[in-house]
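Report on the following structure.
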Amino acid sequence: MSSAVDLAPQELRVLVAVAEEGGFSAAAVRLGTTQSGVSHAVRGIERKVGVVLFERGRFGARPTPAGARTVAHARRVLRMLETLVREARDTPTGEIAGPLRIAAFRSAALHLLPPVLERLSARHPGIEATVTVVREVGPGTAGEVAQGRADLGIAGLGTSSPIPPQLVGDVLLEEPYALVHPAGHPDPRSLPLVDWTENCSSYTRQWWAAQDWIPAATVRAEDDGAVLSMVGSGLGMAIMPALSLTAAPPGTEITDLGPERPTRRVGYVTTPELAATAAVRALVRELRASVKPQVSGG
């Protein structure tokens with residue numbers, strides 16, 4: 001009797017292609033085969049796993065809930081097969097090589113990762129690191145890892161975007177929030193609040209609720225860079241984490257919020273299987289070395 005363990009790597013590639021291309025015909029072009037071949041393969045896979053994986057219609061093909069979970073597993077299995085072959089070949093020389101896919105929110109991609117990747121490249125020139133900037137709303141960077149689209153994510157931990165239970169990771173740093181406002185303003189707390197969606201998802205809620213001086217946001221920006229630009233132009237004040245304030249523009253001033261200020265924990269997440277791979281271990285070492293002086297005891 002056929003079972004899910006009979007799935008071959010090529011069948012997993014078919015699942016991923018159909019999901020990412022949105023239909024059998026487009027998946028066939030990507031895979032260099034025929035539409036009927038892809039359709040036949042999908043039907044065979046569905047028989048093996050015992051559930052419908054794709055809804056078919058004039059819209060093409062889109063994964064069912066079971067299909068979405070299966071596609072995520074397929075991406076991760078294919079990635080591990082690729083890693084298995086690569087690490088088996090690299091073992092005799094001790095060199096680490098191959099692609100390393102990183103998902104990060106904007107301020108981490110701009111201010112945390114560049115020196116880390118520079119050192120990683122110097123130590124392991126064979127690693128081909130790519131960074132995708134992902135908004136920390138909804139599934140966020142952790143979702144990219146869980147879905148098999150990234151090997152490691154830099155994520156805000158303990159925010160409104162929970163880390164999927166199937167992932168592993170750790171805190172890298174705990175960064176404080178501060179008040180940023182137009183330089184020289186005599187009463188910055190009286191200014192309108194400028195904010196952006198990702199920031200709202202990471203506030204320490206108890207602290208926020210206790211601050212009667214903070215108004216509702218009157219201006220919503222696309223990202224933290226736009227917030228800083230607006231503050232620098234005198235349009236309001238903002239409450240932002242340290243990474244976002246790394247390159248605060250001229251015309252802004254940063255004021256500490258005091259000993260009870262909120263903080264945000266930033267860490268990395270990966271899958272249990274990728275956590276053991278040489279490239280991910282090398283990246284985690286560089287991340288820890290980079291932030292070690294900043295880590296809080298909280």
Side-chain angles (χ1 to χ4, degrees), residues 103-112 133-143 153-165 169-249 251-269 291 294-298:
F105 56 87
R106 182 181 178 276
S107 57
L110 285 176
H111 307 303
L112 175 62
V133 177
V134 178
R135 298 188 71 188
E136 276 291 79
V137 291
T141 56
I154 304 297
L157 304 182
T159 70
S160 60
S161 297
I163 303 304
D170 199 5
V171 175
L172 292 167
L173 62 92
E174 189 165 352
E175 55 173 349
Y177 280 80
L179 177 66
V180 58
H181 53 86
H185 195 282
D187 186 13
R189 293 191 176 201
S190 68
L191 290 168
L193 177 67
V194 184
D195 216 344
W196 80 105
T197 303
E198 288 173 86
N199 199 38
C200 295
S201 71
S202 61
Y203 284 138
T204 301
R205 293 298 179 183
Q206 294 87 343
W207 179 90
W208 187 262
Q211 310 305 308
D212 55 10
W213 60 272
I214 303 177
T218 53
V219 181
R220 294 270 185 208
E222 179 65 23
D223 56 42
D224 52 351
V227 169
L228 284 173
S229 178
M230 290 180 178
V231 171
S233 298
L235 296 178
M237 56 88 172
I239 299 167
M240 307 181 75
L243 276 175
S244 293
L245 295 172
T246 302
T252 60
E253 185 176 336
I254 299 169
T255 300
D256 193 289
L257 288 169
E260 301 301 319
R261 65 193 177 187
T263 61
R264 176 176 69 170
R265 290 185 171 187
V266 175
Y268 70 89
V269 292
V291 303
Q294 308 173 46
V295 173
S296 161

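- Residues passing the side chain to side chain contact (heavy atoms under 4.5 Å, CB included) test with P249, sequence neighbours excluded: L228, T252.
- Judged as a side chain to side chain donor-acceptor pair (under 3.5 Å), and not counting sequence neighbours, the contacts of T255 are H181.
- In this structure, V291 and L112 have side chains that are in contact, with non-hydrogen atoms separated by less than 4.5 Å.
- Residues meeting the salt bridge (Lys or Arg N to Asp or Glu O under 4.0 Å) test with E222, sequence neighbours left out: R135.
- In terms of the side chain to side chain contact (heavy atoms under 4.5 Å, CB included) criterion, residue partners of A226 (sequence neighbours excluded) are, by chain and number, A221, D223.
- When all heavy atoms of V134 and A103 are compared, the closest pair comes out as CG2-CB, 4.1 Å.
- Looking at L235 and V219, their side chains never come closer than 4.5 Å, going by heavy atoms from C-beta outward.
- Taking every heavy atom of both residues into account, N199 and P241 meet most closely at OD1-CD, 3.6 Å.
- Across all their heavy atoms, P176 and T263 have their closest contact at CA-CG2, 4.0 Å.
- Every residue two or more places apart in sequence or in another chain that forms a side chain to side chain donor-acceptor pair (under 3.5 Å) with D256 is listed here: R261.
- The distance from atom CZ of F105 to atom CG of L243, rounded to the nearest 0.5 Å, is 5.5 Å.
- Taking both residues in full, the closest heavy atoms of L193 and A238 are given as CD1-CA, 4.1 Å, listed atom of the first, atom of the second, then distance.
- The closest donor-acceptor contact from the side chain of E260 to the backbone of W207 lies at 3.5 Å or more, if one exists at all.
- Contact between T141 and A155 at its shortest, heavy atoms only, is OG1-CB, 3.2 Å.
- The backbone N or O of E198 lies less than 3.5 Å from no partner atom in the side chain of E136, so there is not a single donor-acceptor pair.
- Closest approach of H111 and A247 over heavy atoms only: CE1-CB, 3.9 Å.
- Of the inter-residue distances, the one linking L245 atom CG with M240 atom CE reads 5.5 Å to the nearest 0.5 angstrom.
- Of the inter-residue distances, the one linking L157 atom CG with R265 atom CZ reads 8.5 Å to the nearest 0.5 angstrom.
- Taken from CG in D195 to CE in M230, the straight-line distance is 11.5 Å, to the nearest 0.5 Å.
- For residues 235-247, the side-chain hydrogen bond (donor to acceptor under 3.5 Å, both in side chains) pairs, not counting sequence neighbours, are D224-S244.
- Judged as a side chain to side chain contact (heavy atoms under 4.5 Å, CB included), and not counting sequence neighbours, the contacts of R189 are L179, D187, W213, L257.
- Within the 3.5 Å criterion, the main-chain N or O of A242 finds a donor-acceptor partner in the side chain of E175.
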